[in-house]
Amino acid sequence: MKYALRKLGMLLLTLWAAVTLNFFLPRLMPGSPADAAIAKLSQNGPVSAATRAAIEAQLGVPGGNLFEQYVHYLQQVVTLDFGVSFTFYPEKVSDLVLTALPYTVVLVGIVTILAFVIGTLIGVLAAWKRGTWLDTLPTLGGSFLSAFPYFWIALLLLFFAGYVGHLFPTSGASSPTAVPEFSFSFIADLIYHATLPALTILITSLGGWILGMRNAMINTLGDDYVTFAEANGLRGRTVAIKYAARNAILPNLTGFGLALGGVVGGSILVEQVYGYPGIGYLLYNAVVNQDYPLMQALFLMITVSVLIANFLVDILYGVLDPRTRR
Amino acid sequence: MTTNTTPARGAEEPILRVENLTVEYRSEGFEPVAAVKNVSFSLRRGEFIGLVGESGSGKSTLGFALTRLAKPPATIVDGKILFHGSDIRTLDDEALRKQRRGGFAMVLQSGMNALNPVRTIRKHFHDIFRAHGHVEAGSFNARASELVRKVELPETVLDRYPGELSGGMRQRVSIALALSLEPELLVFDEPTTALDVLVQHAVMDTIRQLQASEGFTAILISHDLGIVLESTERVLVMHDGVVVEDGPSHQILDDPQAEYTRMLLSHYADPRAEEIHIPGFSTRGRSADAARAERATTSPRSDARAARRADASIVVEGVSKVYAPPRRGEAPVVAVDNVSFTLAPGESLALVGQSGSGKSTIAKLVTGAEKPSSGLVRFGDSNLSALRRRELRELRKNVQMVFQDPYAALNPLHTVEYTLLRPILNFTERRGEAARERMLELLETVGLTPAETFAQKLPHQLSGGQRQRVVIARALASDPQVLVADEPVSMLDVSLRAGVLGLLEDLREQWGVSMLYITHDLLSARLVTDRMMVLNSGRVVESGPTADVLRNPSDEYTIRLLDAVPNPARARETR
């Protein structure tokens, strides 16, 4: 309990630091959002002073000294008020993010967890059956698949399963005609559309988990407590899972935490290739269009989710490893 | 215990018979190496035998083969292991697993690592009970409590994790776990090697008592002939994979037949004896004063060196070192408590105590690696706590460490030449050919000849004793005035110890290097030091000339340390 509280304290502290950094970093950059918007406009002809004033009024020019701005910013963060997007004007940034978020969290989140679980199980099996085909096949296959760039896998799947095979849709998160509602047909439609992006992420991330778990477990299999458990005649399955795998998984949890934190950042390229309207897609558009309010909100959200994911993994670590609970 | 038969020795069928057993290490692309060669022996029910040999003798390989725990690359290539008349090599996996209960069990060398760090002790017991079903589901906890009490632990350890127990407690737990299998044959593989002297003594007592009360047949594998002779009634001596001697303990002690056994025995002596004879050492029976007087007459090799060393004493005055509490709310740890001593040039001083007594902390204080919480450490006329970076460099040049573990103290990727050239280039003016000459000279000094050959070797191509010589050569490279040797021989085989100790002694006599010798091994302290300080919980409980302290100890702690020294000769008295 004390351990969890201490970790919670650390989380709040780093959250504050991240939020503060997110405030100061853009202010260190030269220029302002208004300058950027005007620069964009001036490509079509000279911009009058009145237009400039109007744009500045629209986007909001910071008033008061830095400290007042900071306090104001904190209030906005707490109320999730990140202003108005340039790209999707006049949509509010918070609305855009909240629309995109579920797509990414569900798609990438589920796939990440799935990849971790499946990869770890295969890794355990490979290590336990070391030297047999159950080891060689996933190990070789894992390194082979994880060597591919994932956007390339995405393109391959898109081409063969989408354009050539017509097995799955080639873009979007749902059919254009589908009505968003909580019904079987709509959910089935969502899953149908998410299959190819999910498969892409699964294929490319699985190998890493397999190899990581296999190698960690090969190490724990050589540990004395495993030999001693065998000497005591425990059943093979108990030795493999409760002794070897149970200890081997600990270092992999850290990687899992990072991967979970990365979920919200989305898989930019995958979402881009499949035209999937998630956070990654949004982020790409924000960056291309120099949409500062949207970018700031997205970066903040990604940072926060990485921190929270790490916090959760820390807590999990505490539960799984008595040595960290001190 | 089900097997507690009254020992009707001799007539009975042996519980274990090993016939012409050969075990090889086979890896692809390498010639197979035989670790156990054509070994035969048999074991009567209830017998307690010892299996002794130095590292690489094949004793552990044999132990693992006997309990069918040998894993590739170790392969049994020939011979039979008959347990109750049937060859255990023919057992299939499930039959083997089942017979682990009531059959043969093993306690591993590093009992501290033999427990799953993420499971409580209670779960370890339950795992075993569940795997064999020999304890009724309702009485798991009662049986577990009974077992930990047998190894003299409180029941509260059942709810602890292994990391919360000391090394000795963990080894006791693994003995209790092995006992829970109700084995007929128990193989102890170096059960106390990783433990502290006093703990080692206590754990061996427990093993002896359990063997007597539970009546299991036992094999005690150890590198330490002293421990084995004290505990067992029969001893097998192994050398190079061959059993060179097999006989009753008293016969091994009084009338050893094999040359090798005689060599092993010759390295044992009672540190309390009036005179001590160890091969490679001159008699050291005289009092320290006499020895010093004699040494004073043999002039140092170089006068300049002697002059430079005149003010090179290490003075420790009322030094304490307090570490922050390990957990919040606990008391701070006093590692060293008001210790004072002087190490004069050319003198050697032993710091003796079990682990946690503060002896290694003193080494860190003297080498400037740690700063004292209070008190003063001086080298010559400089105060160590006030040194700046450049002066610290000068200190490191003059005060060098010899580490305990020669396997970990050398970078496995660098040749001996590289390892030795680093300090020569860093600390001396020698460059190029001069540096190389000095490197070869150092190798000759520590007895690694031909130096040219050894210079090109990598650490893994050297034996433990040779590695420790390289570590000593490295410490000498900066031409230091003080050597701090932290357990320099505890990781080495008995037969190699004398060589390294003799080297340290020679260095002091010929070069006038003074030495702080840190150890728990009283015999080696007796061999290489003039004065001794006994530390207990950071405090000096006794000090004086080494021979006097050991022969007439006044503090109870010193007496306990002396009693814990395994000594083959004492086995005769206790028997």
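What you see below is based on every heavy atom in this structure, not just the backbone, and it leaves out hydrogens, waters and symmetry mates. Protein chains get the first letters and strands the later ones, always in sequence-line order, with residue 1 at the start of each.
Among residue pairs with one or both ends in residues 206-225 of chain A, those qualifying as ring-ring contact (aromatic ring centres under 6.0 Å, His included) are A/Phe116-A/Trp209; sequence neighbours excluded.
Neither the backbone nor the side chain of A/Asp223 comes within contact range of chain B; no heavy atoms are under 4.5 Å apart. For A/Leu320, the part sitting under 4.5 Å from any heavy atom of chain B is the backbone (N, CA, C, O) and nothing else. B/Leu181 touches chain A through its side chain: at least one heavy atom from C-beta onward sits under 4.5 Å away, while N, CA, C and O do not. Proximity to chain A (any heavy atom under 4.5 Å) is restricted, for B/Glu94, to the side chain, taken from C-beta onward.
Across all their heavy atoms, A/Ala231 and B/Leu69 have their closest contact at CB-CD1, 3.5 Å. Minimum heavy-atom separation, B/Arg100 to A/Glu230: NE-O, 3.5 Å. Taking each heavy atom of A/Phe228 and B/Ala178 in turn, the nearest pair found is CZ-N, 4.4 Å. Annotation for A/Leu221 and B/Lys71: closest pair O-NZ, 4.2 Å, computed over non-hydrogen atoms. Contact between B/Pro117 and A/Pro322 at its shortest, heavy atoms only, is O-CG, 3.4 Å. Here the closest heavy-atom approach between residue A/Gly233 and residue B/Ala131 is recorded as O-CB, 3.7 Å.
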### Stepwise side-chain contact (heavy atoms from CB on, under 4.5 Å) test for B/Val118 and A/Arg323
CA-CA 8 Å; B/Val118 298; A/Arg323 287 164 296 186; 4.1 Å; yes
### Query
Under the side-chain contact (heavy atoms from CB on, under 4.5 Å) criterion, do A/Asn232 and B/Asp127 qualify, and how do the steps go?
CA-CA 9 Å; A/Asn232 290 339; B/Asp127 285 343; over 6 Å; no
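Atom CG of B/Asp93 has 12 or fewer heavy atoms from other residues, nucleotides or ligands within 6.0 Å.
Chosen from A/Thr220, A/Asp321, A/Thr227, A/Asn247, the residue pairing most often with chain B at heavy-atom distances under 4.5 Å is A/Asn247. When the candidates B/Leu177, B/Thr120, B/Thr67, B/Ile128 are compared by the number of heavy-atom contacts under 4.5 Å with chain A, B/Ile128 comes out ahead.
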